[in-house]
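Just below is one structure, and these are the notes that go with it.
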Amino acid sequence: MTDLVCTIEEYLDYTQTNGETVESNKKSATARVSDRRTTDEPKRKLCEFTYRSPDYPIGALGPLSKLCQTVAENAQLSPAMVGQSILAAASLVAQGGYEVETLSSMKPLSIFVLTVADSGDGKSTAEGIILPGIRQFEKERHDALQAKSPEDQKDEREPYLLASDATVQGIIKGFRTGWPSQGVFTAEGAALLCGWGMAAEQRANTSANLNKLWDGEPISIQSGMSGRVQLYRRRFCAHWLIQPDAAQEALTDPGLSSIGLWPRFMVSWPEPLAPRKYRQYEFWHDPIVKAFWDRCKAMLGNQRITGGECGEFRTIRLSAPARQILIETFERMEQARDSAHSLHSIKPFAVRLCELACRNAGVLAAYADENIISEERMKNGIALAGYSLDTWRGIFGQREDLTHDKWARELYTWLLKRPKQRASETDILKTAIPKHLRNKHKRDTALSILREYGMIRKAIDIVSGDIRIAHAEWEVVQDA
């Protein structure tokens, strides 16, 4: 059996050389993620390796690839940052009017997108270029609504599609009075991941409800305060942009993966931007950008609302060649259930890939006004999903190692400045610098790594000639 990742790599290479391609993306999106070190390998030194994010497959965006390349080059942004914003926006304008055929049933074109990037790497800039068409549609509907009398306004639905912050309860409330197809797009994803809805006691419930929204299931809530809420034919997508420090703990939360929230997300974690020179880019005059805005407004204008629900969905079917490719990919993905397979550690993500690929392909087809997913479009969808899967491998593999090493290095630097180069575990939680180390998980992870590499040991005291080893206090090993 051919290794699954290699198969995705072949699909991407084929897309880039034979499909709707762009010149700047010549390396596979799945080429550089390696497995964790094994016990047979020599022990590495702290922070001796580096990790490089996979290249974003611009060509796999098909009819949107030229837009991605143009914006990335002229705005000097990461292609991944731009591509994620484009895919999420295209999902928002398509999900209210289309559904896609998968191997199991018809599915919504709702896509959950997560982009992790440093502050200043263009999260807000990318959305500021990509979303104006949708915002213009909202504004035009808003102005038309305000022009009506208060009495006539009662019969109209709020014309808002975008929100920058919302709880699940807020999303459901918005669906009761507003547009039946909505999305939460925010450059401050930390506010969502660290807010009330994702607190420990609420996290499972929030995640389960987000899963249902992604699946397009009816919203069914029984509350003693507000009674029964039953809503049908609603669609919801999301693009959360978040900084690495805020993302790390939530992304590696095993509960969110096992519940199935993160496996539903198309994730990207691009490399930090290199130093740039100033370049003026009047994107509002760029014909490629303006064409995208116009297409977004046209797709939204064609959506029909019936009784507050999305109208009849136009179904995008699989062609025979696309179905065959999808079946082959499905069977290879299923190998992740084997505990010996290289993808077993991210099985929930691997077995979800085919549905993500169909949704990706469906969004691209809807944007291009196609009724059938062609072989090429299916390869596009698989390549995008493969890029996300490869990024998840990095998050749960080398990137996680790199983050943990960073914590260990910071704690070690702090210990070197301490009196007698030692500190108790309680001291670390109260006084460690940087302050983000004042966290039990980070402290214990850093201490474990430093101990593994022989850089610290349990503190030793000599009292009246007796050697005593401190129970919860650590000291630096000299000449480690």
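We number each residue from 1, following the sequence as shown.
Distance check, rounded to the nearest 0.5 Å: OG of Ser78 to CG of Asp121 gives 8.0 Å. Rounded to the nearest 0.5 Å, atoms OG (Ser149) and NZ (Lys154) are 9.5 Å apart. In this structure, CG on Asp390 lies 9.0 Å from CG on Leu343, to the nearest 0.5 angstrom. In this structure, CD1 on Ile171 lies 9.0 Å from CG on Asn209, to the nearest 0.5 angstrom. With values rounded to the nearest 0.5 angstrom, Ile130 atom CD1 is found 8.0 Å from Cys68 atom SG. Atom CE in Met81 sits 12.0 Å away from atom OH in Tyr56 (nearest 0.5 Å).
Under the 3.5 Å distance criterion, the side-chain polar atoms of Arg295 are matched with a main-chain donor or acceptor of Tyr367. Between the side chain of Ser91 and the main chain of Ile111, a donor-acceptor pair closer than 3.5 Å is present. Under a 3.5 Å cut-off, the side chain of Asn360 and the backbone N or O of Leu356 do form a donor-acceptor pair. Although no hydrogens or angles enter the test, the distance criterion places a donor-acceptor pair under 3.5 Å between the side chain of Thr391 and the main chain of Tyr387. Judged by distance alone, with hydrogens and angles left aside, the side-chain atoms of Arg377 form no donor-acceptor pair with the main-chain N or O of Ala361 at under 3.5 Å. With hydrogens and angles ignored, the 3.5 Å screen pairs a side-chain donor or acceptor of Trp392 with a backbone N or O of Phe265. A donor-acceptor pair under 3.5 Å is formed between the side chain of Arg234 and the backbone N or O of Tyr232. Listed for the Arg233 side chain is a donor-acceptor partner under 3.5 Å among the backbone atoms of Gly311. Distance alone, capped at 3.5 Å, is enough to place a donor-acceptor pair between the Arg157 side chain and the Arg176 backbone. Using modelled atom types, no side-chain atom of Arg279 and backbone atom of Gln76 make a donor-acceptor pair closer than 3.5 Å.
Here the side chains of Thr102 and Cys354 are not in contact, with every heavy-atom distance at 4.5 Å or above. Between Val351 and Glu334, some side-chain heavy-atom pair lies under the 4.5 Å cut-off. Side-chain contact check for Glu101 versus Arg323: some heavy-atom pair is nearer than 4.5 Å. Counting heavy atoms from C-beta outward, Leu77 and Arg276 have side chains that approach closer than 4.5 Å. Between Thr329 and Met378 there is no side-chain heavy-atom pair separated by less than 4.5 Å. Residues Ser388 and Met266 meet the side-chain proximity criterion, which asks for heavy atoms closer than 4.5 Å. Contact check for Tyr281 versus Val289: side-chain heavy atoms found under the 4.5 Å cut-off. For the pair Phe137/Met299, no side-chain contact is recorded, criterion being any heavy-atom separation below 4.5 Å from C-beta on.
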For residues 112-120, please give each side-chain donor-acceptor pair under 3.5 Å, one per line with the distance, not counting sequence neighbours.
residue: Thr115; atom: OG1; partner: Gln84; partner atom: NE2; Å: 3.4
residue: Thr115; atom: OG1; partner: His239; partner atom: NE2; Å: 2.9

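When all heavy atoms of Leu131 and Leu162 are compared, the closest pair comes out as CD1-CD1, 4.4 Å. Taking all atoms of both residues into account, the shortest heavy-atom contact from Pro270 to Ser268 is CD-OG, 3.5 Å. Closest heavy-atom contact between Leu364 and Ala60: CD1-O, 3.4 Å. Smallest separation of non-hydrogen atoms from Ser220 and Arg228: OG-NH2, 2.8 Å. The shortest heavy-atom contact between Phe185 and Ala88 is CZ-O, 3.4 Å. Heavy atoms only, all atoms of each residue included: Val100 and Cys358 are closest at CG2-O, 3.6 Å.
Under the ring pair (Phe, Tyr, Trp, His ring centres under 6.0 Å) criterion, no residue pair touches residues 301-338, with sequence neighbours excluded. Residue pairs meeting the salt bridge (charged side-chain N to carboxylate O under 4.0 Å, His left out) criterion with at least one member in residues 204-222, sequence neighbours excluded: Asp215-Arg264. Applying the side-chain hydrogen bond (donor to acceptor under 3.5 Å, both in side chains) rule to pairs touching residues 313-322 yields Tyr98-Arg314, Glu99-Thr315, Arg314-Asp369, Arg314-Asn371, sequence neighbours excluded.
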Walk me through whether Glu355 and Arg359 qualify under salt bridge (charged side-chain N to carboxylate O under 4.0 Å, His left out).
CA-CA 6 Å; Glu355 183 171 344; Arg359 293 184 185 224; 2.8 Å; yes
Step-by-step side-chain contact (heavy atoms from CB on, under 4.5 Å) determination, Leu210 to Phe236
CA-CA 9 Å; Leu210 287 172; Phe236 177 79; 4.1 Å; yes
Go through it in stages, so that I can follow the logic: the residues are Phe175 and Leu213, the test is side-chain contact (heavy atoms from CB on, under 4.5 Å), and I'd like the CA-CA distance, side-chain angles, deciding distance and then a yes or no.
CA-CA 11 Å; Phe175 276 143; Leu213 290 171; 4.0 Å; yes
Give the C-alpha distance, both sets of side-chain angles, the deciding distance and a yes or no for side-chain contact (heavy atoms from CB on, under 4.5 Å) between Lys442 and Thr445.
CA-CA 5 Å; Lys442 292 184 178 182; Thr445 300; 5.8 Å; no
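The aromatic rings of Tyr160 and His142 sit tilted relative to each other, their planes meeting at an angle between 30° and 60°.
Look at Lys123 and Glu127 and you find no salt bridge, because none of the NZ, NE, NH1 or NH2 atoms lies under 4.0 Å from a carboxylate O.
Checked against side-chain contact (heavy atoms from CB on, under 4.5 Å), Gln303 has the following partners two or more places apart in sequence or in another chain: Trp179, Ser181, Leu300. Ser85 pairs by the side chain to side chain donor-acceptor pair (under 3.5 Å) definition with nothing, not counting sequence neighbours.
Shown are Lys139, Gln146, Arg141; of these, the side-chain hydrogen bond (donor to acceptor under 3.5 Å, both in side chains) with Asp143 is made only by Lys139.
Side-chain N/O atoms of Glu328 and Gln324 include a donor and acceptor closer than 3.5 Å.
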